[in-house]
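First up is the structure itself, then whatever we jot down about it.
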Amino acid sequence: MFAVYAARPNLDDPLASLVVGERPEPTVPQGWVRVKVSHASLNRHDLFTLRGITAQQGPISFPMILGTDGAGTLDDGTPIVLYPVMGTADWRDDETLDPGWHIFSERVPGTFADYVAVPRRNAIPLPAGISALDASVLGTAWLTAYRTLFTKTSLEPGETLLVQGASGGMSTALIQLGRAAGFEVWVTSRTAKGRELAERLGAHRTFDANERLPRTVQAVVDHIGPASWEHSMASVARGGTIVITGGTTGLNVTLPLLPMLSEQLTVRGSIMGTLQDMKNLLSFLVGTGIKPEIGQTLPMERAEEAFRAMWNGETHGKTVLTR
Ligand SMILES: NC(=O)c1ccc[n+]([C@@H]2O[C@H](COP(=O)([O-])OP(=O)(O)OC[C@H]3O[C@@H](n4cnc5c(N)ncnc54)[C@H](OP(=O)(O)O)[C@@H]3O)[C@@H](O)[C@H]2O)c1
């Protein structure tokens, strides 16, 4: 079948390992279903996979079909959206705490293909009011943004959220969801275009990357890492929270202990979300009418263009690949 895959890990030149070609159809184990993919969206995770970087224990088995998000149809024609978190069969607690959890394109093939095999519970019937295009961006960046805002920041409506970065999938999700939740949404960006996008999506105030804020804020979400970390620490109010959801510019920062303890800061990590979070996100979108910001839709055959734009730091909301 048609598939976009990583041939081998390539830390410094990930696009050299990207193949638009053919892979065998996935086997469908007992209790799993086959999904015909119609839409799948790109995530930074796909670049990490090409580079051989994973949050999971154990290596990725290459060649690996890329893609962690998607929407499509079951063999009986039912339209579905994919929940990407899989794990131990009898695990009944928070899926993200399962020691065996993983997402597509780490241990099992991903969604940039004609077909993907998924555990039955991971194929959620598409609710009325959400298109397959919009649904295909929700499983990774949007799910994480939803859980981060509503479970990890402790923000109340009216309190201020600082989103580091504007242009990408995670940032645009945080802005759109944060605005709809009644938070005061402040956003930084490296570019004027990013600030304009944030304002169009509902940001109350925008700033240049690392610009000093007029006051501190109750919560910061930082997925950029070293390039924004000192600014995040300087921007959070006494008793406030920084939630780390990524490390686009690197994975090591310095944690100054004095402000941590004297300002009584909380620093938390957030990764993906539960199946219930995913269902809540779908209901939130139906209820609020939010349309996820999708900057580009391309046929899957043109995946390389989409990957190159992301590698060059030129994303605009989510990018969707279609079949
Ligand atoms: N924890 C999780 O479960 C989870 C889920 C999804 C994503 N993530 C992580 O979150 C991060 C963002 O993912 P994404 O899919 O939103 O990526 P993306 O679409 O490529 O967006 C990159 C974002 O980083 C900002 N940025 C700042 N400095 C940058 C630099 N030097 N190069 C590139 N971008 C820079 C950009 O903002 P401006 O252009 O406006 O400055 C943009 O908002 C990644 O590290 C990803 O792995 C984590």
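Every number for a ligand or one of its atoms is a count from 1 in the order of the listing. A quick note: this is a predicted structure, and the numbers were derived from the prediction, not measured.
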A141 near ligand 1, heavy-atom distance under 4.0 Å? yes
Are E301 and R323 close enough for a salt bridge, meaning some N to O gap below 4.0 Å? yes
If we set the cut-off at 4.0 Å for heavy atoms, which region of R190 has an atom near ligand 1: side chain, backbone, both, or neither? both
Considering only NZ, NE, NH1 and NH2 on the basic side and carboxylate oxygens on the acidic side, decide whether R195 and D208 come within less than 4.0 Å. yes
How many angstroms lie between OG1 in T297 and CG in L133, if you round to the nearest 0.5 Å? 5.0 Å
For ligand 1, which atoms have a heavy atom of G169 less than 4.0 angstrom away? 16 (O), 19 (O)
Give, for atom CD1 of I65 and atom CZ of F104, the distance between the pair rounded to the nearest 0.5 Å. 11.5 Å
Identify the protein heavy atom lying closest to atom 27 (C) of ligand 1, giving its residue, its atom name and the separation to 0.1 Å. I224 CD1, 3.4 Å
Do any N/O atoms on G313 end up under 3.5 angstrom from N/O atoms on ligand 1? no
Protein heavy-atom partner closest to atom 5 (C) of ligand 1 - residue, atom, separation in Å: T144 OG1, 3.2 Å
For atom 15 (O) of ligand 1, what's the nearest protein heavy-atom neighbour? Residue, atom name and distance, please. R44 N, 3.6 Å
For ligand 1, which atoms have a heavy atom of S171 less than 4.0 angstrom away? 43 (O)
For ligand 1, which atoms have a heavy atom of S189 less than 4.0 angstrom away? 38 (P), 40 (O), 41 (O)
Just let me know how I271 lines up against ligand 1, side chain, backbone, both or neither, with a heavy-atom cut-off below 4.0 Å. both
Answer yes or no: does atom CZ of R215 have more than 12 heavy-atom neighbours from other residues, nucleotides or ligands under 6.0 Å? yes
Under 4.0 Å from ligand 1, counting heavy atoms only, is it the side chain of S228, its backbone, both or neither? neither
Could you state the interatomic distance from CD (Q276) to NZ (K279), rounded to the nearest 0.5 Å? 6.5 Å
Atom 9 (C) of ligand 1: nearest protein contact (heavy atom, Å): T245 O, 3.5 Å
Quick check on A209 - does any of its heavy atoms sit under 4.0 Å from an atom of ligand 1? no
To the closest 0.5 Å, what do you measure between CE (M300) and CG (L42)? 10.5 Å
Taking the six-membered ring of F62 as reference, does the cationic atom of R8 (NZ for Lys, CZ for Arg) lie under 6.0 Å from its centre and within 45° of its axis? no
The atoms of ligand 1 lying under 4.0 Å from a heavy atom of T249, numbered in the order shown, are 30 (C), 31 (N)
Atom 43 (O) of ligand 1: which protein heavy atom is closest, and how many Å away? G168 N, 3.0 Å
Just jot down the ligand 1 atoms closer than 4.0 angstrom to any heavy atom of S270, in number order. 1 (N), 2 (C)
Can you tell me how far apart CG (L265) and CE (M233) are? Round to the nearest 0.5 Å. 5.5 Å
On the six-membered ring of Y83, is R121 placed so that its NZ or CZ lies under 6.0 angstrom from the centre and within 45° of the ring axis? no
M272 neighbourhood, listing ligand 1 atoms whose heavy-atom distance to it stays under 4.0 Å: 2 (C), 3 (O)
Which protein non-hydrogen atom lies closest to atom 36 (C) of ligand 1, naming both residue and atom, and how far is it? S167 OG, 3.6 Å
Less than 3.5 Å apart, any donor N or O on the side chain of T188 or E211 sitting next to an acceptor on the other? no
Looking only at heavy atoms, is any part of T315 under 4.0 Å from ligand 1, and if so is it the side chain, the backbone, or both, or is it neither? side chain
Should the pair E305-R308 be classified as a salt bridge under the 4.0 Å nitrogen-to-oxygen rule? no
State the atoms of ligand 1, each with its element, that fall below the 4.0 Å cut-off from a heavy-atom position in A166. 37 (O), 38 (P), 40 (O), 43 (O)
Applying side-chain contact (heavy atoms from CB on, under 4.5 Å) between W101 and each of I271, T88, D94, report the one that passes. I271
What is the closest protein heavy atom to atom 10 (O) of ligand 1, and at what distance does it sit? H223 CB, 3.5 Å
Nearest neighbour in protein (non-hydrogen) for atom 44 (C) of ligand 1: T248 OG1, 3.2 Å
